[in-house]
Amino acid sequence: MVLFLQQLINGLSVGSIYALIALGYTMVYGIIKLINFAHGEIMMAGAYFAFLIAVSTNLPFVAVMLISMVLAAVLGVVIERVAYKPLRNAPRISLLITAIGMSLFLQNLALVIFRADPKIMPTLIAKHPINIGPIQVGTVTLTTLVLSIIFMVILDVFVKKTKPGKAMRAVSEDKDAALLMGINVDKTISLTFAIGSALGALGGVLYGITYTQVYPTMGILPGLKAFIAAVLGGIGLIPGAVLGGFAVGMVETISKAYLPTQWTDAIVFGILIVVLLIKPTGILGKNEKEKV
Amino acid sequence: MKKISIIMAMLLLVMAALAGCSGSSDTAATTAAGETTAAAAGETIKLGVIGPLTGEYSMYGTSVEEGAKLAAEEINAAGGINGSMVEIVAYDSKGDKTEAVNAYNRLRDQDGIVGLIGGTFSGETLSIKEIAVGDNMPVLTPTATNGEVTLNAPNVFRACYTDPYQGSTAAVFAAENLGATKAAVLYNIEDPYSEGLAEAFNEKFSALGTVTNFEGYTANDSDFKAVLTKIAESDPDVIFLPDYVAKVGIILSQIQELGLDVVAIGGDGWDGIEVDYADVAEGDYFANHYANTDEAPIVQNFISAYEAKWGKTPSALAALAYDSTYIMAQAIEKAGSTDADAIVAQLAATDGDYVTGHITFDENGDPVKSISMIQVVGGKHVLAAKVSAE
Amino acid sequence: MPLLEATNICMQFGGLRAVDNFNLEINEHELVGLIGPNGAGKTTVFNMLTGVYIPTEGDIKIDGSSVVGKKPYEIVRAGAARTFQNIRLFKDLTVLDNIKIAFHNELHYSTLEGLLRLPRYWADEKHATEACLAFLDIFDMADYADNLARNLPYGKQRKLEIARALATKPKILMLDEPAAGMNPQETKELMDTIQLIRKKFDIAILLIEHDMNLVMGICERIVVLDYGRIIAKGTPEETKNNPDVIRVYLGE
Amino acid sequence: MNRKMLKNYIINLIVVALIYAGIKVLISAGVINRYYEGIIIFIMINIILATSLNLATGFLGQLTLGHAGFMAAGAYVSAITAIALKNSGMPNLLILIISLIAAAIVSALVGIAIGIPALRLRGDYLAIITLGFGEMIRVIINNLRGLTGGAQGLTGIPRIATFDNVFWVTALVILVLYRLTHSRQGRAIVSIREDEIAAEAVGVKTTYFKVLGFAIAAGFAGVGGGLYAHYLAFLDPKIFGFMRSVEILVIVVLGGMGSLTGSIFAAIILTILPEALRSFSDYRMLLYSFALVLMMIFRPIGMFGTKEFSWQGIYDRYKMLRDAVKRREKA
């Protein structure tokens, strides 16, 4: 039982990072119906920003985190403006290929600038185990979990209560109608990219600290898993991304704990395929038909 | 107008990237051809090097290239091979098999190499092997440890010991020198090196004690907390982690974070672990080709020459490439010609002391030598024992 | 036996009953109009009849056999073809290829025969090309055969879409607001086309329109839909004077 | 067969024979050494992979990100078959043919198994599922150690792919794909790309043709993989990573989605370019990705769009130009 609880905590910590990254996927998909393949690379960029700031200054963890998030938000908006906006009325397949191209571009840019060998993330959070009853939780794990939840709550309030948040929901519901209602669609889309990228960068910073390393390809796998999480929960839905993120983290941890570990990825993909076949819109998704 | 501004923005990004890297790396410029030839007196003897010089694994290929070039420079300074200068021609495989084959074909047909120091990885060496056997090209790979590399290939030799040999030696060391009775194994199923070591360790240690866990992970995994929590339950004395530094560093950090009380053992992939992970690897052991704290003059001379030329401490791969280049050059010298059969015969007869130990080849072309077990103490290598699996 | 028979079909979207107990019979060679204000559920009915939606209740029969739950392409084979409110052509293909694709089921050579270019391939393709050109000729479009569909003017695109539906050799043709977005000139041309179809092809037509005047002129029978229910049925004359219809169209 | 088509066929046949003879002569004259020959073989393998992906992505309109996975399935099946037949005394050519057929069949079956569930979903989901499949097949190969050699790789594969047989297999694949796309089945496939709902509404069995197109694409990817295995004589799962799928996709996009000849030209360019620019290899993927994004923004249809290159077309264009010049002179 203690072992199981311990594994549950492990799962929550992995899951919270996936959830943060999944939020970016889901928000972007919700608003422009694009799988932003470059999102994993934004997460990677966020981790590099944090690394660069941490080695060149003595700023505390919170400052490093916030600056990295802001920089990543700018990067996200620039990508949207440069690569995606010109294609807003192009076929979906063109947009998707652009996103893949953008993802590879950022990855290789990092490879050329920083080289392939992993950079060691400075210890921004003092690492020591904390005992909660019989269970041991690392400080990093705890920080990750708490920060993720704080930002998810902030996001939820933002989207539901503020005017720009409501505009975001309106644009994702119907772009043309939103335009007619006087909402600045371009600005709203940029805002969505900014928020999604900032959250992705937070995921990247936490990922870098948890696993001690920052490297150009670090965004691929968490990016993919987070995307699966977003689809699993119901892409386009903010609660879906959170649910999906924690679900994927749990499934992964539990399968690693009780099954041969090398099958974990196959199991996660297997679950995705099964869910898509049974309910293509994901766990929380509503069924909708293409208009004829 | 808008489109033009987009082009400009993207061009700027690319240029920034190019500028950023021209400062940080000078390898790209030197990959096209070796420039070690001091004075090309008469005919130069060209030796090929193949390895990942760019991309994700570039540090390994670059080490091999640098070790080989250092050796070539020294040989040329001492008068070359029977008066001919040696030139190292290094091509990039990018860690890709297709590229490795193209590079080999090019070395053979365009550059006319006499012998090959390579490939760097087992995979690329295996993809070249069949073609090289057909060509009867003298091949001495410094670092390809896969068992298959030298099988049924009379012209293929290697300077490093094989994966199975290293894995079982580590098992013997764990049981006999450390007195461990319970061991766990955690390895990368996607990596032939890691898998080879893990299997051999598992087999050998099962005869000497109990293997409590035999767990695999995939190359991109970075969360090991779940599996480490599982391993902690069976409370092993040692954990065998046959992977490269980057991954081992992550695992060791998580072992520390979870507070596991276990001694870690690794293979030569750990070489260089003291640079970034001295604290988490403190007290752990790994197998290596040589100890850089070894007092033997040949070792210390190599280290200082390498540091002088390349401005960094040599890795074990560099040492192996350095040795391989010497072995190949000596074989050509003794053969007295660039005839492949004569060189292969002389390679087989190799018997001498090198940086990575005393080397002779067995009937397969594998080196017969003992393994140095290194302990990480205070961020330094300490030779713990020289072990052989027999 | 009617050609098409819908009995008590309903469509429920979550809590919304978009179509409620809809009944319709169409006999051979009949031209029926389905009218109603925007949002009355006309297109939903259409989508049920053509297999895009599966009705939550009720039965649809074509030529006496039920087609509920069948895929759209199976319903095409059963003899019902349609056009779309927002024209859906294969835009980057030629006019001829658009027709040829609809002619698909008239060609019988297998994949292997096609790959080996056996005699049946040549015979079928030759027949298809000739038949499709002849078909285009009926609609005065043979001259456009090699043009890309996207390059046709709007009216011609609509015509091509109708021709393409007819190329599947249907027993009943369903037109979804064919006059939508057309100027009076184009609308008139459309009327001529519909008359032409009635003359040259022995088929029934179901026409959706929200513009009542347009339907009145050509339809034999009219069904009026509002809020998913049928509020009136009968000849144009009868429906025109039906108080419910007047209320719906003119407001109270 | 009308005369224009016949003429085109004959021209193409002569061109193919000329290319073959030309390369053969250059090889025997020593102008093309084995280094160049190796590159030519890789070009042809890339042509097979790109044209087959083009069928799925360009003609059928379904973005596939796991083409390397089908290639892997074919490569392993072909290699294992050939290893089993190695000592049977059969001539090499026969072994190659049997292995490649086995590879094509198994890869196509894998394609069907993936396609039936995945093709029911919308386009972007297909991309993700095929991506996932491409990753999964590597995990599976790694775990089927007894059969595939796992991460250690598969050795002992007979090296029986030569310039001659790779050339003719490539020609055959192109011929089959060309004929397929110019038949009723091909039209049905293209109609799905153009408008799936309309295709269904004119009686095209969309699910069937989607799976058909997908299976044929997978089958030919398997053939490409098989040739790769028989040229390299060594396989390991890392060869078939996501980057391989992307490289093939870049070829297709550059050449033009829906143009077989476009894929052929792009495969030639993108195989030679990195060899010619060896010293820039650090920047290769950077430039590739850059080119991909630029292509999508400025010329999303690629070099050829959906058009095919033809000698007749060049001649027609020349004639048009000549007539125009003549008319001008007269005026």
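Quick note on labels: first sequence line is chain A, next is B, and so on, each numbered from 1. Everything quoted here is computed from the prediction, not taken from an experiment.
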### Task
Would you mind checking which part of D/M295 comes under 4.5 Å of any heavy atom in chain A, side chain (CB onward), backbone (N, CA, C, O), both or neither?
neither

### Query
Measuring heavy-atom distances to chain A, does D/P117 have an atom under 4.5 Å in its side chain, in its backbone, in both, or in neither?
both

### Query
Got a salt bridge between A/R88 and A/E80, using NZ or NE/NH1/NH2 to carboxylate O under 4.0 Å?
yes

### Message
Is D/V246 close to chain A through its backbone or its side chain, or both, or neither, when contacts mean heavy atoms under 4.5 Å?
### Response
side chain

### Message
Students often mix this up, so state it plainly: with edges at 30° and 60°, are the rings of A/F37 and A/F227 parallel, tilted or perpendicular?
### Response
parallel

#### Entry: Most chain D-contacting option - heavy-atom pairs closer than 4.5 Å, from A/L224, A/T98, A/L34
A/T98

### Query
Considering only heavy atoms, which portion of A/V268 lies under 4.5 Å from any heavy atom of chain D: side chain, backbone, both, or neither?
neither

### Message
Are A/Y25 and A/Y29 an aromatic pair, judged by ring center distance below 6.0 Å?
### Response
no

### Task
Pick one of side chain, backbone, both or neither for A/I97, based on which atoms fall under 4.5 Å of a heavy atom in chain D.
both

### Task
Locate the shortest heavy-atom distance separating D/A266 from D/L254; write the atom from each residue and the value.
CB-CD2, 4.0 Å

### Task
Step by step, work out the ring-ring contact (aromatic ring centres under 6.0 Å, His included) result for A/F114 and A/Y215.
CA-CA 8 Å; A/F114 299 105; A/Y215 49 98; over 10 Å; no

